[in-house]
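Below is one structure, written out as structure tokens, with a few remarks after it.
Chain letters run A, B, ... following the sequence lines, proteins first, then strands; residues in each count from 1.
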Number of protein chains: 2
Amino acid sequence: MADVKSGTNPLFLREEELRQSIELLFFAYRDFTDGPDQILKDYNFGRAHHRVIHFVGRNPGITVSELLEILRITKQSLSRVLNALVERGFVEQKAGVSDRRQRLLYLTDEGKVLERKISHVQQQQVAKAFREAGGEAVAGYRKVLEGLINEADRDKALSRIMKK
Amino acid sequence: MADVKSGTNPLFLREEELRQSIELLFFAYRDFTDGPDQILKDYNFGRAHHRVIHFVGRNPGITVSELLEILRITKQSLSRVLNALVERGFVEQKAGVSDRRQRLLYLTDEGKVLERKISHVQQQQVAKAFREAGGEAVAGYRKVLEGLINEADRDKALSRIMKK
DNA sequence: GATTTTACGTCAGCCATGTTGACTTAATTT
DNA sequence: AAATTAAGTCAACATGGCTGACGTAAAATC
């Protein structure tokens, strides 16, 4: 009991630290998505469109099924969002060369402009946090986030992130 | 050009690092919410219910308006979720003592059980990532996430997280 | 060459969770 | 006594998930 009150119970401390870290992630993510959300509003796009724009921008020529795997949503959900982006000229589809069933996805020039506009805001925000925290903290941040990614497809996810 | 190709252009490097860090946060958050989501399914609850359970659990006696401020949703959105939790006996409301207009929120015993069940899974996941990354990395992780919180209400958010 | 599988698409309907706007009630403050 | 505040409610709508069923063209397999 004295342990709990004085805060020297390691289990208690650990749990409290974990709770704080979990809440921290909630608040950080909440504000992390805020900038993009504001811009997307002007285009009548939502977060779902942003995710597509982001991953197509980062992976030109990505196939529909690869995108589905990353986003972990159904093709019916994706289609709504993707069709809107194609119809409004932000994304274009080209038939695959080796496999013509595939629809390879690319940002149009207009899509690239929007992508840069959105990611710029987000990059500024992250850059500020990085500058304030310092290089060592950034390395720690990345290490922990990597560890939070599901072990089953961590390697796949990380190689997608770090590639090129 | 040689700079870009060899990767020594600091601006290019910076942007690439930022992009990676942004994507990392996306993947980490995606998997971070997965464990709770699975448990909540069994109760026919969703992420919105989880957020309420979490913040009521962490802040016994929190008022509705405080909760609204944290979650940044409308009271109409909250009411749907909160009513379900009250009706099904996970949350209870008591009139405020100094201000009887307030409805102070508490987890019931059943609510506490569910809260612990969910947070346990999430804490295990975070604890594992922390162990693998090491104490210094954890400090960095926290520092960066703090910096990602909107400056306008960072102090308020942090004092809520770290309090007690 | 015929059959099966794969990549992708579509239609239809449902559910969770967010939104706005208008209005009510009870309690507190001015 | 009047105004403000905390909370709730009704209604309607948007977004973005989901399942299930079915279609088409291209590739892979038997």
Practice problem: Any chance you could measure A:Arg30, atom CZ, to B:Asn150, atom CG, to the nearest 0.5 Å? | Solution: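 Rounded to the nearest 0.5 Å, the CZ-CG separation comes to 7.5 Å.
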
Quiz item: To the nearest 0.5 Å, what is the distance between CD1 (B:Ile22) and CG (B:Leu18)?
Solution: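 The distance works out to 6.0 Å.
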
Self-check item: Leading and trailing nucleotides of DNA chain C with any atom under 4.0 Å from heavy atoms of chain B
Solution: C:dT17 to C:dT28

Self-check item: Any A:His49 side-chain nitrogen or oxygen under 4.0 Å from OP1 or OP2 of D:dG16
Solution: yes

Quiz item: Nearest nucleotide by nearest heavy atom, which residue falls closer to the 5' end of DNA chain D, B:Lys75 or A:Ile73?
Solution: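 By nearest-heavy-atom nucleotide position, the 5'-most residue is B:Lys75.
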
Quiz item: A:Leu78 or B:Ser79: which one's nearest nucleotide on DNA chain D is closer to the 5' end?
Solution: B:Ser79

Quiz item: How would you label the contact of A:Ser65 with the nucleic acid (heavy atoms, under 4.0 Å): base, sugar-phosphate, or nothing?
Solution: sugar-phosphate

Exercise. For A:Ser77, report the nucleic acid contact type (base, sugar-phosphate, nothing); a contact means any heavy atom under 4.0 Å.
Key: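 Touches a base.
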
Self-check item: Beyond-backbone contact of A:Leu82 with A:Leu105, side-chain heavy atoms, under 4.5 angstrom
Solution: yes

Quiz item: Do A:Arg88's NZ or CZ and the ring of A:Phe45 fall within the cation-pi criteria of under 6.0 Å and 45°?
Solution: yes

Spell out, as yes or no, whether a donor-acceptor pair under 3.5 Å connects the side chain of [X] to the backbone of [Y].
X	Y	answer
B:Gln122	B:Phe32	yes
A:Arg47	A:Asp37	no
B:His120	B:Lys117	no

Quiz item: So which of residues 80-102 of chain B are in contact with DNA chain C, with a heavy-atom cut-off of under 4.0 Å?
Solution: B:Arg80, B:Ser98, B:Asp99, B:Arg100, B:Arg101

Self-check item: Same cluster (ILVMFWY, side-chain, under 4.5 Å), B:Leu71 and B:Leu68
Solution: yes

I need the [atom1]-[atom2] distance between [X] and [N], as an integer number of Å.
X	N	atom1	atom2	answer
A:Asp37	D:dT15	CG	C1'	12 Å
B:Arg103	D:dT5	CZ	P	18 Å
A:Leu104	D:dA26	CG	C1'	14 Å
B:Leu67	D:dA7	CG	P	10 Å

Self-check item: Candidates D:dG16, D:dA11, D:dA7 - which lies nearest the side chain of A:Arg51
Solution: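 Looking only at side-chain atoms, A:Arg51 lies closest to D:dG16.
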
May I ask you to decide whether [X] forms a salt bridge with [Y], counting only side-chain N to carboxylate O separations under 4.0 Å?
X	Y	value
B:Glu92	B:Arg103	no
A:Arg19	A:Glu15	yes
B:Arg160	B:Asp153	no

Quiz item: In which ranges does DNA chain C form stems of 3 or more consecutive Watson-Crick or G-U pairs, distances under 3.5 Å?
Solution: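 Result, WC/G-U stems under 3.5 Å: C:1-30 with D:1-30.
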
